[in-house]
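To start, the structure itself, in structure tokens.
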Amino acid sequence: MDLIAKRVNGTEDVTPADSYKWQLVERICTETAEAYGFKQVRIPTFENTELFVRSVGDTTDVVQKEMFTVMGRESRFTLRPEGTAGTIRCMLENGMLNEALPQKVYYILSCFRHEKPQAGRLWEFHQFGVEMAGSKSPSADAEVICLAKNLIDRFGLNNVSLNINSIGCPKCREEYYKALRAYLEPHKSELCETCQSRFEKNPMRILDCKSEICSEIAKGAPLVLDYLCDDCRTHFEKLKALLDSMDIKYTVNPKIVRGLDYYTKTVFEFIAGEGKQKGTICGGGRYDGMIEQMGGKPTPALGFAMGLERILLNMEAQGCDFGEKSRCDIYILPMGEAAEMKAALLAESLRKEGFKAETDLMGRSFGKQMKYANTINARYVLVLGDNELESGRAKLKNMDTGKEEDIALDDKFTETFSTHLMAGIFENTLNG
Ligand code: ATP
Ligand code: MG
């Protein structure tokens, strides 16, 4: 087959064969976030490029290499590479930070990053994320981490580890940057071009560089954890105590600095899988300076984002349970024109009562319709022919047991069907 156009590299389709898995994951995300009091926000797919340059940071890979920027008539826009910047902009622009604090929001959205496409690394991917603004307490950090952990458990993922670190505040970083620059100075000429330009402005970014030479050099670098001010140190100690009390296992990994500039104090990552399959499924942390930097009142904030493609890949790899694909409750099988009309009416009245009902739209024979009813995994089939229309009674066949029952096609039909359906589902659960 010659198709006019093909899917763009780095993008993916989700067909009905898999969409129910996405629905499950999204439902778990939504329900869990709501249990912690987070409410949904919906933000635009693109923003002014400046927003990302200023909040994500102009020394980051995301801004320097990965953004999809498009030209409007007069200005440049960027397809969001992450959800935090747009969400905070939305909070500020809608006066949400003048309401009761903390503000807690979540989102499920697509993100765009121009990276080398591979499994779990796409040009368009999806994130579930939460952002909380207004609390500087370590208990907010603990709550957010707890929410992420709770999600991972509800997905059924094991083999996931939590790494935490503190990268301090601008105050601790002054001293730290001095030490870091002093360490990096002799290696300056060996660093990749991008990192050479990061040396003055943001040397910590060099520690997150994926190039081989830079990561080799980064291995011996001084650790920001050793340079924390009293406030940041106490914050980190309290967070660890809270995680301990909630029995959330973690490793302090002084090497994680995270790829975006806006983080302060706590940063964390959930890493799934082993060996080559190993990858970050969730990353987050505090960004206490961002809201002020964006023109708002100084307001501490924090959050995380999960890569949903990577969550699904790991769930598949670990054989997690995605539940059943939703089943058609009843297929109404008409024989002849008069029956077709009645079938359409019956199906519609069933749908209005919340049942999943289908009928023939293809003019198929009895046998072919039965086959189709099997394909869509219908729980029941109701056969309607001239005889049934005349007598006002028809056979309702339970497709799981093969049992047939006589049912009246009167105005109590949906009610009667409902009773049969419940009994059938109950029996099915008992048997299997
Ligand atoms: P990585 O180090 O793998 O590039 P990152 O630090 O750039 O990740 P974040 O900016 O923290 O990632 O984004 C949060 C999550 O979004 C990641 O943990 C990952 O699960 C997912 N993610 C990031 N980039 C991609 C991508 N290009 N394709 C698919 N998922 C992604
Ligand atoms: Mg990345």
Side-chain angles (χ1 to χ4, degrees), residues 4-14 39-99 103 105-117 121-131 133 170 192-198 200-202 205 208-209 258-264 283-284 287-299 301 303 305 307-309:
I4 304 174
K6 292 211 167 154
R7 191 161 44 75
V8 174
N9 203 13
T11 65
E12 272 179 357
D13 299 314
V14 179
K39 305 278 190 298
Q40 193 182 47
V41 282
R42 294 176 184 232
I43 55 170
T45 308
F46 56 91
E47 303 270 357
N48 289 309
T49 302
E50 264 316 285
L51 177 73
F52 301 114
V53 174
R54 306 238 329 241
S55 63
V56 175
D58 56 4
T59 57
T60 58
D61 274 354
V62 168
V63 168
Q64 291 185 325
K65 303 176 185 165
E66 299 170 1
M67 291 204 302
F68 279 94
T69 297
V70 293
M71 219 27 228
R73 267 175 207 257
E74 274 138 27
S75 23
R76 287 185 319 151
F77 305 107
T78 294
L79 305 184
R80 58 184 172 220
E82 50 91 67
T84 304
T87 301
I88 295 302
R89 182 209 43 73
C90 158
M91 283 189 179
L92 283 168
E93 207 161 342
N94 293 283
M96 289 167 67
L97 298 175
N98 305 326
E99 294 164 21
Q103 281 290 316
V105 298
Y106 71 90
Y107 50 78
I108 296 176
L109 42 73
S110 51
C111 295
F112 305 85
R113 295 187 192 179
H114 205 296
E115 306 187 68
K116 190 162 170 261
R121 197 174 288 287
L122 297 160
W123 284 4
E124 179 179 18
F125 63 100
H126 296 79
Q127 284 188 343
F128 164 78
V130 309
E131 313 294 346
C192 77
E193 217 173 289
T194 323
C195 282
Q196 291 197 15
S197 72
R198 288 164 170 164
E200 279 312 321
K201 204 164 169 210
N202 194 345
R205 273 285 69 79
D208 204 36
C209 180
R258 311 252 336 106
L260 316 175
D261 266 359
Y262 48 62
Y263 289 108
T264 52
Y287 45 91
D288 286 348
M290 178 148 103
I291 294 179
E292 185 180 13
Q293 193 193 311
M294 280 171 63
K297 275 190 283 196
T299 312
L308 296 183
E309 280 80 4

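Starting from 1, each residue takes its place in the sequence as its number.
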Tyr107 and side chain to side chain donor-acceptor pair (under 3.5 Å): which partner among Arg42, Gln40, Glu131? Glu131

What pair of heavy atoms forms the shortest contact from Leu260 to Glu82, and how long is it? CD1-OE1, 4.1 Å

When you compare the side chain of Val8 with that of Trp123, does any pair of heavy atoms fall below 4.5 Å? yes

Around Arg121, counting heavy atoms of other residues, nucleotides and ligands shown, do more than 12 lie under 6.0 Å from its CZ? yes

Full working for side chain to side chain donor-acceptor pair (under 3.5 Å) between Thr84 and Tyr262: CA-CA 10 Å; Thr84 304; Tyr262 48 62; 3.3 Å; yes

CD1-NZ distance between Ile4 and Lys6, expressed to the nearest 0.5 angstrom: 13.0 Å

To the closest 0.5 Å, what do you measure between CZ (Phe52) and CZ (Arg89)? 8.5 Å

Stepwise side-chain contact (heavy atoms from CB on, under 4.5 Å) check, Glu124 with Leu79: CA-CA 10 Å; Glu124 179 179 18; Leu79 305 184; over 6 Å; no

Validation row: Arg80, Leu109 side chains within 4.5 angstrom (heavy atoms): yes

Are side-chain heavy atoms of Glu12 and Phe125 found at a separation under 4.5 Å? no

Shortest non-hydrogen contact between Tyr287 and Ile88, atoms and distance: OH-CD1, 3.7 Å

Would you mind reporting whether Asn48 and Phe77 have side-chain heavy atoms less than 4.5 Å apart? yes

Donor-acceptor check, side chain of Arg113 to backbone of Pro81, threshold 3.5 angstrom: yes or no? yes

Look only at the side chain of Asp208 and the backbone of Gly259, and say whether a donor-acceptor pair between them is shorter than 3.5 Å. yes

Applying side-chain contact (heavy atoms from CB on, under 4.5 Å) to Met67 and Val56, what does each step give before you reach the verdict? CA-CA 11 Å; Met67 291 204 302; Val56 175; over 6 Å; no

To the nearest 0.5 Å, atom OG1 of Thr87 lies from atom CD1 of Ile43 at 4.0 Å

Give a yes or no on whether a salt bridge exists between Asp61 and Arg198, defined as a side-chain N under 4.0 angstrom from a carboxylate O. yes

Within the structure provided, determine whether Lys65 and His114 are in side-chain contact (heavy-atom separation under 4.5 Å). no

I'd like to check Lys297 versus Asn98 (side-chain heavy atoms, cut-off strictly below 4.5 Å). Are they in contact? yes

Contact between Glu47 and Cys90 at the side-chain level, heavy atoms closer than 4.5 Å - yes or no? no

Begin with the C-alpha distance, continue with both residues' side-chain angles, and end with the deciding distance and a verdict on side chain to side chain donor-acceptor pair (under 3.5 Å) for Asp261 and Thr59. CA-CA 8 Å; Asp261 266 359; Thr59 57; 3.2 Å; yes

Rounded to the nearest 0.5 Å, how far does NZ of Lys39 lie from OH of Tyr106? 9.0 Å

Output yes when a side-chain donor or acceptor of Arg7 lies under 3.5 Å from a complementary backbone atom of Thr11, and no otherwise. yes

Please tell me if the side chains of Gln103 and Thr299 come closer than 4.5 Å, counting only heavy atoms from C-beta onward. no

Could you walk me through whether Ser55 and Gln293 pass the side chain to side chain donor-acceptor pair (under 3.5 Å) test, one step at a time? CA-CA 8 Å; Ser55 63; Gln293 193 193 311; over 6 Å; no

Is the backbone N or O of Ile108 less than 3.5 Å from a side-chain atom of Gln127, with the two atoms forming a donor-acceptor pair by type? no

